[in-house]
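We use all heavy atoms of the structure for the numbers below, so side chains are in, but hydrogens, waters and symmetry mates are not. Just so we're clear, the structure is a prediction, and the values are computed from it rather than from any experiment. Convention: sequence-line order gives letters A, B, ...; per-chain numbering from 1.
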Amino acid sequence: MSEPLIFDRSVPGRRAVTFPASDVPATPLPPGTRKAPPALPEVSELDAVRHFTRLSESIYSIDKGFYPLGSCTMKYNPKLNDVAASLPGFAGLHPFSPEGGSQGALELLWQLEHILCEVAGMARFTLEPAAGAHGELTGMLITRAYHRHRGDDAKRRKVLIPDSAHGTNPATAAGLGYEVVEVASDARGGVDVAALRAACDDSVAALMLTNPNTLGLFDEHIDEIAAIVHGAGGLLYYDGANANAIVGRVRPGDMGFDIVHFNLHKTFSTPHGMGGPGAGPVGVVESLVPYLPVPLIARGDGRYSWRWDLPHSIGRVRAGYGNFGVLVRAFTYILANGRDGLEDISGHAVLNANYLLARLGELFDVPFDRRCMHEFVVSAKSLKAKTGVRALDIGKAILDRGMHAPTVYFPLVVEEAMMVEPTETETLEVLDAYADAMAAIVAQAERDPESLHAAPISTPVGRMDEATAARKPIVRWTGEAAN
Amino acid sequence: MVGITQYAQQELGDVVYVDAPAVGKALQAGKSFGTVESVKSVSDLYAPVTGSVTAVNGKLADAPELVNRDPYGDGWMIRIKLADAKELDELLDAKAYQALVESH
Amino acid sequence: MSYIPHTEADRRAMLKRVGLASIDELFDEIPASVRLKRPLDIAPGLTQMEVEAEVNRLAAANAAAMATCFAGGGAYDRYIPAAERSLLQRGEFLTAYTPYQAETSQGTLQFTFEFQSLMCELTGMEVANASMYDGSTATAEAAAMARAATGRHAVVLASGLNPEYRQVVETYAEGLGFPLRDSVDGETAALIVPQVDFFGNIADVAAAAKTAHAAGALLVVVTDPSLLGVLEAPGHLGADIVVGDGQPLGLPISYGGPSFGFFASKMDLVRRMPGRIVGIAHDHEGRRGFVLTLQAREQHIRRAKATSNICTNQAYCALAATIYLTLLGPQGLREVGELSYQKAHYAADQLTKLPGVKLAFPDRPFFQEFALRAPRAVVGPLLDRGYLVGPALDRWFPDLKDAFLVAVTERRTKAEIDGLVAALREVLA
């Protein structure tokens, strides 16, 4: 049975939290107060606790099981990080606290920034962006400010993006008015260097690149790619979505990138929280530091402070200093791991992915016969041709086996794509169980394909009619029972 | 009258929304005049001819599924007044289009 | 300490399966020219005990977090109910991702639907999204959406808007290429006004709506949702889009983040709305459930033509607000607003009895926050005495030298307010 909406549990007059009576003399309320109260639910505390507990029970999470969603880095989120973020000295710190009363927070941010600089090979980082896509926006604003400062902005109208890129890349560049030019992939899944060279001229503002890319493949021509883009006067933007593969092994700065964002909720294990909050700090090489958002942290005489006097800065990209609670968690994670631990993370993330690729490669098409990095893409193209069972059906069938689906139908360059990212925190037994479950699904597809079109059958609801939902959207409770 | 083909509606899947221009809008052959959305895709609609919009199929606002059900009939999208009737000669009929699609 | 579970035997078995002798060989495809040939220059890993000691040291070095909080400017020290804090620790909420697989994410989708409904109830709007990064970015996205909806390009920001929000809108305006103007005219896409301005004063939203609509522009209202148990819903005053920051709905101030931005509008604007939206759907057996809907607006489908590039949002923080509003109900939220109002007015009365201390805007009605002028800078000396006020206003407003904000929430007692008054008396003596 499905859980009713909290509004449908509401009984007028029922309450959970009350507040102390006023202990000060009364002042009449101003004119223009609310005529009718908002229809918030009226429930007891136990009603509320049961409601949200039941909702939580229908959510699949890392704490519950294997979550190999490609390009999302669903690794274990250590509990210690949450404990740190909830310390009263952090959680209770007001953003407008004077610097003298917030030295601990400033020191933490300073240290985190310098660790990220070392990991990325960059000169400075801003910790302000709230998510990866927000980091992309910040990075592309820096790109524009750089070209504008050189008097070059008017002709630098193009941003090059490989066809395997995340949707946020073209959305970011186009949102800023750039013309997005898609660069084809070559037969080995990397950037087609000839196509890149042909697209590169003095109208290029930047190349946005994810390396390893969303196929889980490291671009072997990165030296040449960087030389071509720089030769045309463009900048190289590193989308850090897949940085879990490279930490401590290779640095974006050493690959020739000028701007980098990391997703702390991926690489540095801060919890994804059902879709956020994340954090998308952006690092730049020395020549781009003047354009970073304000404020930046400064240190002098053992004291930390905020610096606002950056005349070429792109400005602010959000209020406050970023998702501080997320930054505390990432910092805590880095302290625990240290330099050797970080190198082990990439090593084992790549080991787990290659092992699972070896096993799943026996079941599905492998579009690029290469070593993968932290994730890989297999295709259900042959299985579909033979049985009619698609990547979508396989993803749904794996839910019935108590595990999470891969990312399906992405990247767009592979038909019937299934993108799998196991992460380093999973054991050999878990990987084997996943591969065994996939093998059972393939066997079922060959025996009884119809049964897979009906999957999942063990979940609270089955496949939803998304077309009707989008044609006649009901996006809020209106007082009528929604059943 | 302009809509999408049988082949296009099959490729798109369940159409959930059609973003059509207002009556009176000038269109240019080969340029996008709107979009058609399915649950997980969105495609530009290209004007086959140059002219101006004289009518928009109001039924699609409440029943976009008509595009799937009857692309050459009730699922029409806009009516265009041709700027140059000769442009029609350049277009394919349904049969010729079908042959073209099948040859690929 | 490491969170990697592999034993030496595991590693050997797995490497054997992939035909390699060492983990380092896995990275052979990376050209030697770019590989890092030394260890990272960061400290070695620590044990859990050592990590806790270090973060405790840093947290303890934030004296301002221990002070009695009268600071405002957009972040408020509200009471967070125990049941909310407890529920939020559930790993299902913390460690799930975006509900791409609806069948195993109904809890996420349902609370998001409830969240959207709650935001609509508070704001008087017809549709709300699943959250934005914060109030400032939600404001900037509202400007962008108004431009797309009206086909006009200019945006007007009211003078009382939070100056940090103004800075963020300026950054987006520069990037997206739209002008910010001082007055509303036929080119204005949106007039953006705060319902309660940065100085705590209550603005006339209905008058702003008349100005905007007379010129054919949309009215965007930025508001503090925790005051909407008392203040009229902006939607009932003529707003077309309502945005703001959700921190006061049960989130810790946490040095400014994470909180969430909320984004609500009239239904006819929904296809231009940024971010995720959850709707009701049914499965093939007719069972009611929820799905991400109207996804063709978003970057993962529309790519270069998306309404916004937003992907990750602040879902977990939106859940906090959903639980908070559920626990408070309409009466609790009203009490929060009324208590804050009463206590702020008592504090203003008492503080302005001190010599040389006066309201910066004596003719304007305020709600839970007010700007005070003092004969000299007092924020630092007050913190030394255990009271956090602020921010000081001269950073953005040079003619408000030695002025600062005082915010009083339902958490502050009369004794604490009297303590602040005594401390300020001492500082000024």
Side-chain angles (χ1 to χ4, degrees), chain A residues 16 19 23-24 27 30 37-38 40 42 55-56 58-63 84 87 89 91-97 101 104 130-131 133 167 170-172 174 180 271-278 315-316 319-320 323-325 338-339 341 347 350 354-355 428 459 461-462 464 469 474 476-477, chain C residues 5 10 14 18 23 26 34 40 44-45 55 58-59 61-65 71 90-92 94-98 103-104 106-108 117 121 133 136 164 167 171 252 254-258 280-281 283 289 299-300 303-304 306 309 311-316 327 329-330 335 345-346 365 391 414:
Chain A
F19 290 89
D23 55 358
V24 298
T27 307
L40 308 182
E42 298 178 69
L55 290 188
S56 78
S58 68
I59 302 172
Y60 191 85
S61 64
I62 303 172
D63 280 5
L87 290 171
L93 185 63
H94 195 282
F96 286 124
S97 297
T172 302
V180 174
H272 283 69
M274 303 169 290
R316 240 181 203 286
N323 277 340
F324 179 71
R339 59 175 170 242
V350 174
N354 277 279
Y355 177 79
L428 175 58
T459 47
V461 293
M464 308 299 283
I474 303 171
R476 61 165 298 197
W477 171 82
Chain C
D10 292 338
M14 294 170 81
V18 299
I23 285 185
L26 288 163
V34 298
L40 287 172
V55 291
L58 290 167
N62 296 319
R90 295 188 69 90
E92 297 90 337
L94 269 167
T95 73
Y97 192 39
T98 303
E103 298 90 339
T104 51
Q106 282 299 303
T108 302
S117 305
E121 284 299 327
Y133 306 133
S136 70
E164 292 198 339
Q167 285 177 298
T171 304
S254 189
Y255 206 44
I280 287 186
D283 71 5
Q299 49 77 26
H300 62 285
R303 295 177 76 87
N309 76 340
C311 178
T312 286
N313 57 19
Q314 305 279 129
Y316 179 75
L327 290 167
E335 286 170 9
H345 283 76
Y346 172 72
K414 178 171 180 295

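Of the possible donor and acceptor atoms, none in the side chain of Thr95(C) sits under 3.5 Å from a partner among the backbone N and O of Ser61(A). Although no hydrogens or angles enter the test, the distance criterion places a donor-acceptor pair under 3.5 Å between the side chain of Thr171(C) and the main chain of Arg316(A). The backbone N or O of Ala171(A) sits nowhere less than 3.5 Å from a side-chain atom of Asn309(C) that would complete a donor-acceptor pair. A donor-acceptor distance shorter than 3.5 angstrom exists from the side chain of Asp23(A) to the backbone of Lys414(C), with no hydrogens or angles considered. Glu164(C) places a side-chain N or O within 3.5 Å of a backbone atom of Gly320(A) that can act as its donor or acceptor partner.
Taking every heavy atom of both residues into account, Trp477(A) and Ser117(C) meet most closely at N-OG, 2.7 Å. Across all their heavy atoms, Ala96(C) and His272(A) have their closest contact at O-CB, 3.4 Å. Closest approach of Gly462(A) to Glu103(C), counting heavy atoms only: O-CG, 3.6 Å. The shortest heavy-atom contact between Ala281(C) and Met464(A) is O-CE, 3.4 Å. Taking both residues in full, the closest heavy atoms of Gly273(A) and Ala315(C) are given as O-CB, 3.4 Å, listed atom of the first, atom of the second, then distance. Across Pro44(C) and Arg339(A), no two heavy atoms sit closer than the pair CG-NH2, 3.9 Å.
Per-residue heavy-atom pair counts under 4.5 Å with chain A were compared for Asp283(C), Asn62(C), Leu94(C), and the maximum is reached by Asn62(C). For chain A, the option among Gly256(C), Pro252(C), Ser254(C), Ala64(C) with the highest count of heavy-atom pairs below 4.5 Å is Ser254(C). When Gly315(A), Gly347(A), Gly278(A) are compared by the number of non-hydrogen pairs under 4.5 Å with chain C, Gly347(A) comes out ahead. Note: Gly89(A) leads Ala174(A), Gly89(A), Ala131(A) in heavy-atom pairs under 4.5 Å with chain C. Ranked by heavy-atom pairs under 4.5 Å with chain C, the first of Gly104(A), Pro271(A), Ala469(A) is Gly104(A). Of all the listed residues (Leu40(A), Asp63(A), Leu93(A)), the one sharing the greatest number of non-hydrogen pairs under 4.5 Å with chain C is Leu93(A). Ranked by heavy-atom pairs under 4.5 Å with chain A, the first of Asp10(C), Val55(C), Leu327(C) is Leu327(C). Contact count versus chain A (heavy atoms, under 4.5 Å) is highest, among Ser136(C), Gly329(C), Ala61(C), Pro258(C), for Pro258(C).
For Leu87(A), the part lying near chain C is the side chain, with the backbone staying farther off; criterion is any non-hydrogen pair under 4.5 Å. Using a 4.5 Å cut-off between heavy atoms, Pro37(A) contacts chain C through its side chain alone, with no backbone atom that close. Residue Ala306(C) touches chain A through its side chain alone, counting heavy-atom pairs closer than 4.5 Å. Both the backbone and the side chain of Val461(A) come within less than 4.5 Å of a heavy atom of chain C.
For the atom pair OH (Tyr97(C)) and CD1 (Ile62(A)), the distance works out to 11.0 Å, reported to the nearest 0.5 Å. Considering CZ of Arg90(C) and OG of Ser56(A), their distance stands at 3.5 Å, rounded to 0.5 Å. If you take CE on Met14(C) and CG on Asn354(A), they are separated by 9.5 Å, rounding to the nearest 0.5 Å.
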